[in-house]
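Letters A, B, ... are given to chains in the order of the sequence lines, protein chains preceding strands, and every chain is numbered from 1.
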Number of protein chains: 2
Amino acid sequence: MEDGTQAAGGAKPSRIQLRNRKRILDAALDVFSMHGFRGATLDQIAEASGLSKPNILYYFAGKQEIHVTLLSGLMDTWLDPMREIDPDGEPLEEILRYVHRKLEMSRTLPRESRLFANEILQGAPRIGAGLVTDLKPLVDETAALIETWAAEGRLKPVDGRHLIFSIWATTQHYADFDAQVQALMDGRDTHDEAVVFLDALYRRMLAI
Amino acid sequence: MEDGTQAAGGAKPSRIQLRNRKRILDAALDVFSMHGFRGATLDQIAEASGLSKPNILYYFAGKQEIHVTLLSGLMDTWLDPMREIDPDGEPLEEILRYVHRKLEMSRTLPRESRLFANEILQGAPRIGAGLVTDLKPLVDETAALIETWAAEGRLKPVDGRHLIFSIWATTQHYADFDAQVQALMDGRDTHDEAVVFLDALYRRMLAI
DNA sequence: CCACTTTTTTACCAAATGGTAAAACCACGA
DNA sequence: TCGTGGTTTTACCATTTGGTAAAAAAGTGG
């Protein structure tokens, strides 16, 4: 009687389930990250995943569930670099390492970056709550850590939250606004240059 | 026989035309900036503008024409602050003034910022050409100017294009990702703090 | 090979959406 | 006041879209 197939059933998922859910999520990441939630269609996801539309709805209860599954599944990966900032490390090096990791994620996971960007741009209607419960505590903590470092004279004085915003903005820019970046950089290696630029930016901003 | 009403007719538009086209564009800016092109509907624009859907299509040939009209009409406003950088001014002050103006636009024109962000995020399918023809020459010129200043020893060494990207990213972040910013800043005055932070960031980055 | 479950396909549907035709309405100068 | 041209409404469409029902087709353990 138990279903277990759809929703977040408790039973162990079969090999087929695992494979097809992964296919669907990967296709959906393509489509959602390109067109946003409302602009994406189940038909596009179906085509991109190689499954039929009803078959997709056999694995997920609806379009929205696919989207939410993607977002919440990605949240952890997305926040990992910030979690790895070591309070006992050398402040400037810790922050520069964070910048480099975020930039690297922009290069390797541009679809994920755009997925989040689309969601936030449109007011975060589907993960608004998650921002406060998952993101805020971590940001509060990290901002406090940065400001402690600054108060100890190990960094130049800085507002922790705005520093974090600026790191997000500058690193994710290369993924989110790639269309613009590409139009303006005639074939130059954007990311390699960005590493150098952002390293200098935050070093000059923060080094005592 | 001449139409003159729809499309970009040559005849002088009547008062009613002027008023209603303005209403439509304002409503469309609300809707497009919130949902992106594909996520926006003519019915939403109709409701927001107080006109009926067919009436909207009397003034604009279609949904896409409204969108393109908005984008190209805004392009000039959007690029103005960069045009106002004075090659004969004091380099650091010119750049900081540019940062402040961009930030001010983020505060006063958040819908416009999100409209562009949505378009670029989704690959700039409707203004891709405009990026190269309108934006690129100006960016090339400004980047060259900045690097000339740096070469003259009036700024620290810096890649002009990446500096511009970072200014766009950090300033527009407060408009484009407002949902996130608001979720993380408990009622603090984001923009006033941002002025201080970004002033310090670019001063430390560029001051000799 | 058989019964039983999981997976996939086929055939639909109702609502939403961009858009059109044409009639009705309205402003305003002759 | 009447006609004429610009404006708005009413009544529609064809397509697209998210989603469903149910039958067909694999798997799968015994």
Side-chain angles (χ1 to χ4, degrees), chain A residues 1-25 27-28 30-32 34-70 122 125-126, chain B residues 1-25 27-28 30-32 34-70 122 125-126:
Chain A
M1 274 306 156
E2 287 297 315
D3 189 353
T5 307
Q6 305 179 13
K12 58 237 118 185
S14 73
R15 245 163 295 124
I16 293 181
Q17 293 230 4
L18 246 39
R19 173 174 52 86
N20 282 351
R21 282 181 68 98
K22 208 166 285 180
R23 272 190 197 175
I24 293 168
L25 289 175
D30 269 350
V31 177
F32 281 133
M34 194 133 46
H35 302 294
F37 179 76
R38 300 194 50 177
T41 71
L42 282 179
D43 291 285
Q44 289 174 298
I45 297 173
E47 163 142 21
S49 67
L51 300 178
S52 68
K53 186 165 64 176
N55 203 6
I56 284 177
L57 292 166
Y58 171 73
Y59 290 103
F60 290 91
K63 183 182 169 181
Q64 178 140 339
E65 200 191 89
I66 303 177
H67 195 250
V68 170
T69 301
L70 273 177
Q122 304 182 2
R126 281 163 292 276
Chain B
M1 271 308 153
E2 287 296 315
D3 190 354
T5 307
Q6 305 178 15
K12 57 236 121 187
S14 72
R15 245 163 294 123
I16 293 181
Q17 293 228 7
L18 245 40
R19 174 174 51 86
N20 282 350
R21 284 181 67 99
K22 208 166 286 180
R23 273 190 196 175
I24 292 168
L25 289 175
D30 270 350
V31 176
F32 281 132
M34 194 134 47
H35 303 293
F37 180 77
R38 301 192 51 175
T41 72
L42 283 179
D43 291 285
Q44 289 174 299
I45 298 173
E47 164 142 19
S49 67
L51 301 177
S52 68
K53 186 165 62 175
N55 203 6
I56 283 178
L57 292 166
Y58 172 73
Y59 289 103
F60 290 92
K63 183 182 170 182
Q64 177 141 336
E65 200 191 90
I66 302 177
H67 195 250
V68 170
T69 301
L70 273 177
Q122 304 183 2
R126 283 163 290 277

In whole Å, what is the span from the OH atom of Tyr59(B) to the P atom of dG19(C)? 18 Å

CG of Leu42(B) versus P of dT9(D): gap in Å, rounded? 16 Å

Report the distance from atom CZ of Arg19(A) to atom P of dA26(D), rounded to the nearest whole Å. 14 Å

Assign each of Arg38(A) and Ile56(A) to its nearest nucleotide of DNA chain C by heavy atoms, then name whichever residue's nucleotide is nearer the 5' end. Ile56(A)

What is the nucleic acid contact for Ala46(B), judged by heavy atoms within less than 4.0 Å: base, sugar-phosphate only, or nothing? nothing

Once the angle between the rings of Phe32(A) and His67(A) is folded into 0 to 90°, is it parallel (under 30°), tilted (30 to 60°) or perpendicular (over 60°)? perpendicular

Where the side chain of Pro54(B) is defined as all heavy atoms beyond and including C-beta, which of dA11(D), dG18(D), dT8(C) is the nearest nucleotide? dA11(D)

Take the protein atom CD of Glu65(B) and the nucleotide atom C1' of dG19(C), then report the distance between them rounded to whole Å. 14 Å

On the nucleotide dG19(D), are OP1 or OP2 found under 4.0 Å from the side-chain N or O atoms that Tyr58(A) carries? no

Starting from P on dA11(C), measure out to CG on Leu57(A) and report it in whole angstrom. 18 Å

Taking only the side-chain nitrogens and oxygens of Gln17(B), find out if one of them lies under 4.0 Å from OP1 or OP2 of dT7(D). yes

Under 3.5 Å, side chain of Arg126(B) to main-chain N/O of Gln64(B), donor-acceptor pair present? no

Which of Asp43(B), Asn20(B), Leu51(B) passes side chain to side chain contact (heavy atoms under 4.5 Å, CB included) with Ile56(B)? Answer is Leu51(B)

OP1, OP2 of dT10(C) versus side-chain N and O of Asn55(A): anything below 4.0 Å? no

Between dT16(D) (P) and Lys53(A) (NZ): distance, integer Å: 11 Å

note: Lys63(B), atom NZ; dT20(C), atom P; distance rounded to Å ~ 14 Å

Under 4.0 Å between any heavy atoms, over every strand shown, what does Ser52(B) touch: base, sugar-phosphate, or nothing? Just pick one. base

Any side-chain heavy atom of Met34(A) sitting closer than 4.5 Å to one from Gln44(A)? no

Measure NE2/His67(A) against P/dG19(D) and give the value in whole Å, please. 13 Å

Is the shortest side-chain heavy-atom distance between Ile45(B) and Lys53(B) below 4.5 Å? no

